[in-house]
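Written out below as structure tokens is the structure these notes cover.
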Amino acid sequence: MKAVYFAWVRERIGRNEEEISPPAEIVDVRGLIGWLSARGEEYAHAFENPDVIRVAIDRAHGKHDAPISGAREIAFFPPMTGG
Amino acid sequence: MKAVYFAWVRERIGRNEEEISPPAEIVDVRGLIGWLSARGEEYAHAFENPDVIRVAIDRAHGKHDAPISGAREIAFFPPMTGG
Amino acid sequence: MTPRILIQTADFDAAAEVAAMTRDRRDIGAVVTFTGLCRDEGGRLAALELEHYPGMAEEEIARMVARAAARWPLDAVTVIHRVGKIAPGAQIVLVIAASSHRAAAFAGAEFLMDYLKTSAPFWKKEHPIDGPATEWVAARDEDDRALEKWRA
Amino acid sequence: MTPRILIQTADFDAAAEVAAMTRDRRDIGAVVTFTGLCRDEGGRLAALELEHYPGMAEEEIARMVARAAARWPLDAVTVIHRVGKIAPGAQIVLVIAASSHRAAAFAGAEFLMDYLKTSAPFWKKEHPIDGPATEWVAARDEDDRALEKWRA
């Protein structure tokens, strides 16, 4: 699946997007954030406060307990500040 | 004092404005409407339903129990429909 | 804050009014504009004709703006109300409220429109498409009820 | 009702958008326009920079418009959100809601703005006037609380 990052999540991780292949035991957004956090310091920094991270699954807002099975694109970003 | 009329009150009375000199015992708007109603058929028609008549005393909204003493201009009109 | 209040037969240019209001300002974050248009009421209407009470209309609008400005932090307000004959599709009224806060701009503009409908001395007469008989528009209970939300 | 939804770096012309929306229509009585401008935050700000999630931003705005249209009788809606670098005083966002009823136009426009602030995937970064260090704007509790009025 594709992971995409925005705003300071993107800046901390240092990339806009990447292909990821989490293991089968990662079933929901919360698990995926934990798995990503372990990929390196930049990820640990980006996800140091998981509660503030917002997620979109295939371009629709999702909660941290949402299943990720079948998702093609999962986005991680801070709370939105548009408008 | 000057009486001024708007919308269908004006049309029924057949004039825009006029000088009026109500007797001293007419002290409030309600009394003035009653006194005007007795001036002729056109006035009786305009004021046939006094409760719907709105009044402004010197260009500020007034109630039917407002005193008219000292007023220079009293306006009579239907409920407003601007905007 | 000195509001711009105009009653005129001529049409108005909402964009020019907004531009004049925000020009050289860097502190206004939110501008809410209400434009009221003449509806044809399902093809029934040839025109609306608007009468007003000269002098009082301007003063009453100024009083409404003062009340709104006392209640919300408004940086600028413009109210333009046309009078005379207005064709379907044409503009009747413009209210612009600007603030650094969007909620204030929305509330100020809606408050002013609700009071313009019920307290400003304007009266609408309908000219129907199928004959010379005109009719005064009746005040609507709905407009009176709209005021309730400002009494909280 | 098919909304017009645009995300663009270019500026927009609110008057032209309103004109396009109401042209040849005689049934629209009320048009509410919200324009969001870049504030300089007391002279502190050189520019705002807006990032968005391409694809999702348009889809999320379309979902908001659908919710608004299900709740109020809206005849037309336009939403334009700029991205990229924006100078103080310049326009950031435009929401136009048109209806035959003014309360619907006001509610629709304010609902869309409240949800744009909190649910549309846009992020603002501040470029201060006194140095190269930029900072992401933090989400405000006030914006989250603004949503409560739509839950009634």
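Chain naming here is simple, since letters A, B, ... match the order of the sequence lines and numbering starts at 1 in each. The shown structure was predicted, so the numbers you read here are calculated from the model rather than taken from an experiment.
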*asked:* Counting only non-hydrogen atoms closer than 4.5 Å, does R82(D) touch chain A with its backbone (N, CA, C, O), its side chain (CB onward), both, or neither?
replied: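 No part of it gets close to chain A.
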*With only heavy atoms counted, which part of A57(D) is less than 4.5 Å from chain A, the side chain, the backbone, both or neither?*
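Neither part.
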*What residues of residues 69-82 of chain A sit under 4.5 Å from chain D when you count only heavy atoms?*
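Counting heavy atoms that sit under 4.5 Å from chain D, the residues of residues 69-82 of chain A involved are E73(A), A75(A), F77(A), P78(A), P79(A), M80(A), T81(A), G82(A).
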*With a 4.0 Å cut-off, would you call K125(D) and E11(A) a salt bridge?*
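Yes, K125(D) and E11(A) are salt-bridged.
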*Charged N to carboxylate O below 4.0 Å: is that the case for R59(A) and E60(D)?*
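No salt bridge links R59(A) with E60(D).
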Got more than 12 heavy atoms from elsewhere within 6.0 Å of [atom1], [X]?
| X | atom1 | value |
| --- | --- | --- |
| E25(A) | CD | yes |
| K149(D) | NZ | yes |
| Q8(D) | CD | yes |

_F6(A) side, atom CZ; M56(D) side, atom CE - distance, nearest 0.5 Å_ =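 The CZ atom of F6(A) sits 9.0 Å away from the CE atom of M56(D).
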*Rounded distance (nearest 0.5 Å) linking atom CH2 of W123(D) with atom CZ of R54(A)*: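 Taking CH2 in W123(D) and CZ in R54(A), the distance rounds to 10.5 Å.
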_V52(A) portion near chain D, given a 4.5 angstrom heavy-atom threshold_ =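 The answer is neither part of V52(A).
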